[in-house]
Each structure stands twice: as C-alpha cells, then as structure tokens.
Amino acid sequence: MSFQSSLLSWFSKNARPLPWRTHYRPYEVWVSEIMLQQTQMDTVLPYFERWFKLFPTIESLAGSDEKKVLKAWEGLGYYSRARNLHHTAKWLVEKHGGQFPSDHETILSLKGVGRYTAGAISSIAFNQEKPIVDGNVLRVLSRVYAIQKPIDIEKNKETFWQLQESLIPKGQARYFNQALMELGALVCSTQNPSCAICPLRTFCKAYKQDRAEDFPVRAKRKKTVKVEATAIVLVSNGKYLLQRRPLGKIMGGLWEFPEWKVAANKALKFLKKDFRIEGKLEYLKDIKRNYTHHLETLRVFHFDLQNASLPENPKNGWEQVWVRKSDFKKYPFSSAHAKIASLLTN
Ligand code: SF4
C-alpha cells in the first residue's frame, strides 16, 4: 500500500466521530475550525454543541446581538474569533444569501481565516485539493521525512506546505487532510508516539532511525517570563463593580473586575489613584494565565467599600456597572474573570 492509502484506510477505521464529520456542512466546518484555532478538541466539543443550539444557521448567528455571541464564547479565549464569526455571518447574509462560499479565494478573504483555516475549510467542507499545515501535520511530516529544517523558522514552513499539497490524493482531500491531522493527534504524539500501531511506520524515516522524538527540529525556544497582575473585587451594598474593556484593546468588549498589570502592593496605589479609596485587601485566590512566552499569576483580592461611593468613570472611556452576583451570567467575561465570577457565586 502507498503512504496515502495506508493513512486513508487507518482513518476510515479510527476517525473520531466528531459532530461536524456527520454531514460536512460548511457552516459547521467553519465554526469548528475557528474554535479549534487556539483551543483543544475536548474543550471545543461542548462549546460547539451549545453554539449550534443557540445559532443553528448562519442567519440566526447574523441576527443575534454581540453580547449573546460573546457569552456563548465565554471561556474559549481569543474573543476576536467570536466577533469575526458574527461579522462574517452578517456579511454572508447580506452578500451571499446566507450561504457559505465554496471559492477558496473568497474563503481566504474572510475575517479571521488564514492560510491554514482556508485550506481546512476548502478541503474538509468542499473536498478541494488545498493544503493544510498545523502543528500535527508539521510533526507527522517532519518525522516521516526526517526533515532537519527547524519548524519555528517561518521560511521553513513553506517546505511543509508544498510537501503536504503534493501528497493529497486526487478526490480524497477531505479524508486525507483530516487523516494526517488525526494521526498527529491520536498516534504520532509529541512524546511517546505510538509507532507500534502507526500505519505509516514502514514509510517513516524517523521511526527507522529510532529518532521519532528528535522531530520536529526547533531552533532555540524563547524563555517563559513570569509576570504578576492583580484583580480587585470591589463590593458595595451587595453589588460588584464590573468594567467593560474598550473595543480595539485585547479582549475588547468583555467584562472584568478591576485589574492592573502590576503586583498586589503596587495595585493598592492604583486603587487609590483610580478609585480614591484606601484600605486593606482580603486575599481570595491566584489564577494562572499563559500567553505568548508569559506565565502570569493573577492575584485576586476582595475589597468591601462598606457603602462608600466611588467617583464616576475612574478609567476614561471604560463602561462600568454595579451588578448583583445573580446577574454575572448576563455578562461575557474573559476566562480568568469568569473564574473569579464563579468563585464568588459558588
Ligand atoms: S512511525 Fe512513529 S514517528 Fe513515524 S509517523 Fe508513525 S507514530 Fe509518528
């Protein structure tokens, strides 16, 4: 058997029964690919099910208000993805009669859709012979072909794009592309790949050299930097202060408890400067956040204002509300602040 037929035969027996694999509807494939951009499969599945209960069609997504869309996304992170889906749904209703386009160039031009996502949608939803290269594909191909070029140097990625495209068997793009990614996810894992059960082991150079874990090759990794931030839960008369992040900033439009990108001792100064209040903070919890080369500890404190009033609009342009705990569920939070809200309500 060829590389391709071995992989396709393995996929036909081992593919996970994912909801978008039942009918390969373009809207479902599109949403799944956007959700999977920065998020693990296990996390995505319940969000995907809930999304299609709330927005079963492109029209229903286009007709929803943004708050509902962001609330459905709460906890998935990278909220611009939800905004882009919403924006694109409106555009599709206006310009394409609510139909998802099949033309690859049009797909590539949609907001939030890059080369990988366009290739995934074109091949999975429309069975077009378009390449896809994600982390799983990089790992599998780098091992099968024992590719020595470091994958974290941008110009080297082109080698993988060209190789992957050249491997797609005619008329089989939908299954072949998924099979390659599925093999990376289920068998050819980063550590301890299951070579003994791998359908590609007779083709795999890294396996033959007993060097699977030496691939993919990377240039030196950047060090992770540890940083600290502080959130202060302000409560007065049983109500909590929430602030809405301005649009155009990271996580714009989401709600949060007042937060500063400084250690707790410095946050006290900001509390005085921004809200003109002073006093002792009560420690609640530490929450860890990861973002590009940063490991952040968000230290969360509680401060009871005991009915003192606050100056209006302490942060210029930030919308504020005082809400009861029971109303937290109406506000879309970033994942760290959703954890704070859940800590206060449970
Ligand atoms: S034989 Fe091992 S290293 Fe090679 S593709 Fe299969 S799982 Fe990966």
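Atoms within each ligand, like the ligands themselves, are counted from 1 in listed order.
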Is there a donor-acceptor contact under 3.5 Å from the side chain of T43 to the main chain of T39?
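Judged by distance alone, no pair lies under 3.5 Å.
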When you measure from the side chain of D327 to the backbone N and O of V323, does any donor-acceptor pair fall under 3.5 Å?
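Not a single qualifying donor-acceptor pair exists.
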Starting from [atom], locate the nearest protein heavy atom and write down its residue, its atom name and how far away it is, to 0.1 Å.
atom: atom 4 (Fe) of ligand 1; answer: C204 SG, 2.4 Å
atom: atom 2 (Fe) of ligand 1; answer: C195 SG, 2.4 Å
atom: atom 6 (Fe) of ligand 1; answer: C198 SG, 2.3 Å

Please state whether the rings of F176 and F3 are parallel, tilted or perpendicular, taking 30° and 60° as the class boundaries.
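Correct class here is tilted.
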Check the orientation of F257 and F328. Use parallel for under 30°, tilted for 30 to 60°, and perpendicular for over 60°.
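Because their plane-to-plane angle is over 60°, the rings of F257 and F328 count as perpendicular.
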Under a 4.0 angstrom heavy-atom cut-off, which atoms of ligand 1 come close to R201?
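This gives 1 (S) as the contact atoms.
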Show me which atoms of ligand 1 lie under 4.0 Å from any heavy atom of A212.
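In order of numbering, the contacting atoms are 3 (S).
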Taking 2.8 Å as the cut-off, does C188 contribute an N, O or S atom near atom 8 (Fe) of ligand 1, distance below it?
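Looking at C188, which is the residue asked about, there is an N, O or S atom under 2.8 Å from atom 8 (Fe) of ligand 1.
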NZ/NE/NH1/NH2 to OD/OE distance under 4.0 Å, D286 and R299:
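Looking at D286 and R299, the cut-off is met.
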